> 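Structure in C-alpha cells, see below.
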2 protein chains.
Amino acid sequence: MSVTIKKIAKDLNLAVSTVSKALRDSHEISAETKARVFEYAAKLDYIPNPYASSLKKGRSGNIAVVLPEVADSFFSAAINGIESIAHDKGYHTMVYLTHEDVQREQSIVREFRNGRVDGVLMSIVANDEKYEHLTELYANKIPLVFFDRVCESIETASVVTNDFDSAYAAAKHLIDQGSKRIAFLSMPGELAIIKHRHQGYTQALRDHALPERVVFCTDNEDENNAIIEQLLTASDRPDGIIGSIEKVTMPVYKICHAHRIAIPYDIKIIGFSHLQIASLLYPPLTTVTQPAFEMGKAAATILFKALEKKYNLKNERIVIPSVLNVRASTHTMSIENK
Amino acid sequence: MSVTIKKIAKDLNLAVSTVSKALRDSHEISAETKARVFEYAAKLDYIPNPYASSLKKGRSGNIAVVLPEVADSFFSAAINGIESIAHDKGYHTMVYLTHEDVQREQSIVREFRNGRVDGVLMSIVANDEKYEHLTELYANKIPLVFFDRVCESIETASVVTNDFDSAYAAAKHLIDQGSKRIAFLSMPGELAIIKHRHQGYTQALRDHALPERVVFCTDNEDENNAIIEQLLTASDRPDGIIGSIEKVTMPVYKICHAHRIAIPYDIKIIGFSHLQIASLLYPPLTTVTQPAFEMGKAAATILFKALEKKYNLKNERIVIPSVLNVRASTHTMSIENK
DNA sequence: CTTATTTACGAAACCGTTTTCGTATATAGA
DNA sequence: TCTATATACGAAAACGGTTTCGTAAATAAG
C-alpha cells in the first residue's frame, strides 16, 4: 500500500490532523513539528491521494479540453498552449474528442457535472442549436471558456480570432491579385467561425461588386473530393478560392495537381490553416493563420482566473488576430518569381 | 449541491447501501426496488461522484498519455487512436507533455504513483539512462505501455514500428535510385527509435559498400537550420538524405529551396514522417510513414487488457510496420515525369 | 414441524484527506 | 493574582460512495 497521512501520524506519534496541517504549512503547527513531518514525509516519499483530497475539498485539480478532433494541427497547437498553462498552475489536463459528433459532445459534457473536472475549455461541434448540455454545465457552476469555435447563445468567456476581418482581408487580397470569380468553400452547420468568415467574404465581394459563390463541403473526405472536383472541372471554374478550414483546402491542391490546373495561374488559393509547412507546399500556400498556441494559452489563463478567484466569466471576449501569409499560391503573373 | 446517493436513499426511504447496490445492479436487490431507484435517479439526473468511488475502489478510471510534444502530427494521430479506445472503455484520458525535458517527464510520472491514473501510455523523452521514475511506476503496480519511443531497459509491453527494416528499406531505395553519398540526419540521446533507424541505415550502406555519414541535429530549430545549411552547402554535399524524424526533414526542404538545390536532381530526400500532406510538398516528399493511429489504438488496447484482467505485461511487443511512400523527392531523372 | 438456506435490505465501517472544534499549556494584560 | 489570548496539538466529523456483515422474513429441505 502507498504511504498515507495516517502512517506518518502513527510513526511520528502525532494526530492525522496535525500531520495534515503541517503538510499544508498551517500556522497552527510549530516550526519544529513541521520540520519533523516534512522530513519524514520526504523520506517516505509521501504523495497525497488526489481522490481523498478532491472528495473533501470539492475540487479535482483537473480541467477538460473538449475538441472536435486533434489531428488538425490547429487543435494540436491549442492543446500545447493549454497544457503548458495548466501544468504551470498545477492542474491536470483531460482531453476529450467529439469527432464532430453532437451526441458524443453531449455525453462527454454531461459527465462533467459531478466534479471530475473543475473547468472546461471547449471548441464546439458544428451543430444546430442543441445546447442544453452546455447550459447545464453553467447551472452546475463549472466555468466554461470557449476557444475558436464558440457557441454564441451561451454567455461566457471566449477566445477567438478575427474571422470576419481576416476573411475580408483574404478576399480583398484575391481581388487585388486580379481574381474575379472567387468561391468560398464553406461547411454546413451553425458554426460561428464559419459564419463570420463567410460574412467577411461576402462583404468584401459586395464592396467590390463581384459575384458571390459559396460551395458547401461536408465532413466526409471522399464527398469533399467529389464536390471540389466538380467545382474545378466545370466550365465556370472559379479563378480564386478561399478554403474556410484546413480540411477543405487540401483537396483543392490535390485536385488541381491531378487535373493540371496551375496554381496561381489558373486559380489562386487561400486557405484558413494552421500548417507551418504551408510554405513547403507546391506551390507555397497563402494562408490565414490562427494563433492557435496563443489562443489555447489565453483561454486557459482566463479559465484559471475564474477557478482561482471566483472571477465572473460573463461577456469576456478576447480576440487574437489571425495573420495573412502571402505566398505563391496567390501571386499574380507579374510577381510570380520568388 | 449535486444529488447524492444519500438524498436518493432518504427520499425513497431506503438505506444508502441499498441504493448503491441497486444502482450497480446487485443481485441482492429486488427487481422492483431497483426499478424504483433507477427511475428516481434518472429523474433527479444523478451522476455518481467520481472521487468518492475512486477513493473507495482504488481505481480512478483515468489513463495518462505522456508525450514529448503534440504539435508533431504523429503524436496527434496517436492521441486520436488512444482516446477513441479509452472512451469506448469508459476511461478518461489525461494528456501530459514533456517537451523533451527529462526533468519534466520525471515530475509528471512521479505524480502518478498515488492513483490519479490507473495506467500509463508513454513515448519517452530522449535521455541518458535515467529511468528511476519508470521503475517506480512499476513498483507501484501501475501498468505502463510504451509506444513508439520505448525504454528498452524496462520490461513491459510496447507498441513500436519496424524502424530497422524501414530505415534499411529507405536507404536501399535511395541506393536503387542512384544515390552514392547518403547522409543520415540523427538526433543525440539514447532513443531506441533513432538507434534502430540508424542501424538500419548503416546496415544498408554496408551491404552496398557505400560510405556512411551521420549528422547529429538538436532540439533547437535554429541550430538545426545552421547544421543542415552547412551540410548542404559544403563541397562534399550528400546526394541523398534520410531524415530520422519529422523535425529534421522540414529544414532540409527549406534550405534546398533557399539555395536552389534541386530535389531530386541534386539531392534525393526521404523523411520519417507522418504528414498526410507530404504529397503536396514541393516536390512531393518520399516518406516512411508510421501507423500512428493504429499504434495508439494498439497500445491502449493492451493497456486495458492489463487493467481489466490483471494481464501480465512483460515481454509483449507489438510491431506495426511502417510504409514507404515513394514520391518525387527520390525519383531518378528517368522517371521524373509524373 | 424443525432446521437450513435464500432473499432483500439496513447498519456501520472504511477509503484518505480536510476542517471544525475542543483543550491544555504558555504568555500577556489588568 | 486572576482573567484574556495565543500557541500547538488532538479528537472527531465530515466528503460520497462501496463493501462487509448482520438479520428478518420467506422459502426449501429433511
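Chain letters run A, B, ... following the sequence lines, proteins first and then strands; every chain starts at 1. The model shown is predicted, which means the values in this text are computed figures rather than measured ones.
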> Please enumerate all residues that pass side-chain hydrogen bond (donor to acceptor under 3.5 Å, both in side chains) together with A:S73, with sequence neighbours excluded.
A:E246
> Do A:Y138 and A:N140 have side chains that get closer than 4.5 Å, going by heavy atoms?
no
> Under a plain distance cut-off of 3.5 Å, with no hydrogens placed, do B:E105 and B:H133 share a side-chain donor-acceptor pair?
yes
> Roughly how bent is the helix from C:dT5-D:dA26 to C:dA30-D:dT1 end to end, in steps of 10 degrees, with each end axis from five pairs?
60°
> How would you list all residue pairs meeting side-chain hydrogen bond (donor to acceptor under 3.5 Å, both in side chains) that involve residues 76-85 of chain B, not counting sequence neighbours?
A:S76-B:S76, A:R104-B:E83
> side-chain hydrogen bond (donor to acceptor under 3.5 Å, both in side chains) with B:R113: which residues, sequence neighbours excluded?
A:D45, B:E136
> Would you please name every residue forming a side-chain hydrogen bond (donor to acceptor under 3.5 Å, both in side chains) with B:S158, sequence neighbours left out?
none
> Do the non-hydrogen side-chain atoms of B:I63 and B:V120 ever get within less than 4.5 Å of each other?
no
> Short of 4.0 Å, heavy atom to strand atom, which residues of residues 7-14 of chain B count as contacting DNA chain C?
B:N13, B:L14
> For DNA chain D, which residues of residues 17-28 of chain B approach it to below 4.0 angstrom with any heavy atom?
B:S17, B:S20, B:K21, B:R24
> Output a table of donor-acceptor pairs, distance under 3.5 Å, between side-chain atoms of residues 50-57 of chain B and any protein atom two or more places apart or on a different chain; print 'none' if there are none.
residue: B:Y51; atom: OH; partner: A:N62; partner atom: ND2; Å: 3.4
residue: B:Y51; atom: OH; partner: A:G115; partner atom: O; Å: 3.3
residue: B:Y51; atom: OH; partner: A:R116; partner atom: O; Å: 2.6
residue: B:S53; atom: OG; partner: B:P50; partner atom: O; Å: 3.4
residue: B:S54; atom: OG; partner: B:P50; partner atom: O; Å: 2.8
residue: B:S54; atom: OG; partner: B:R59; partner atom: O; Å: 3.1

> Find the distance A:K6:NZ to D:dA12:P and express it as a whole number of Å.
14 Å
> Has B:F38 got more than 12 heavy atoms of other residues, nucleotides or ligands less than 6.0 Å from its CZ?
yes
> Between B:D101 and B:V125, is the side-chain contact (heavy atoms from CB on, under 4.5 Å) condition met? List the steps.
CA-CA 7 Å; B:D101 176 353; B:V125 167; 5.9 Å; no
> List the atom of B:A157, the atom of B:I302, and the distance in Å for their closest heavy-atom pair.
CB-CG2, 3.9 Å
> Tell me, please, which residues at least two apart from A:E294 pass side-chain contact (heavy atoms from CB on, under 4.5 Å).
A:P291, A:I320
> If you check the A:T4 side chain, which of C:dC9, C:dG16, D:dA11 turns out closest?
C:dG16
> Are any protein N/O atoms closer than 3.5 Å to N/O atoms in nucleotides 23-27 of chain C? If there are, list each pair with its distance.
none

> So if I take residues 32-59 of chain A and measure heavy-atom distances to DNA chain D, which residues fall below 4.0 Å?
A:T33, A:L55, A:K56
> Kindly assign one of parallel, tilted or perpendicular to the pair B:Y91 and B:F304, based on the angle between their ring planes and the thresholds 30° and 60°.
tilted
> Check for me whether the distance between the ring centres of B:H87 and A:Y96 falls short of 6.0 Å.
no
> Suppose we screen for side-chain hydrogen bond (donor to acceptor under 3.5 Å, both in side chains). Which residues come up paired with B:D25, at least two apart in sequence or across chains?
B:K34
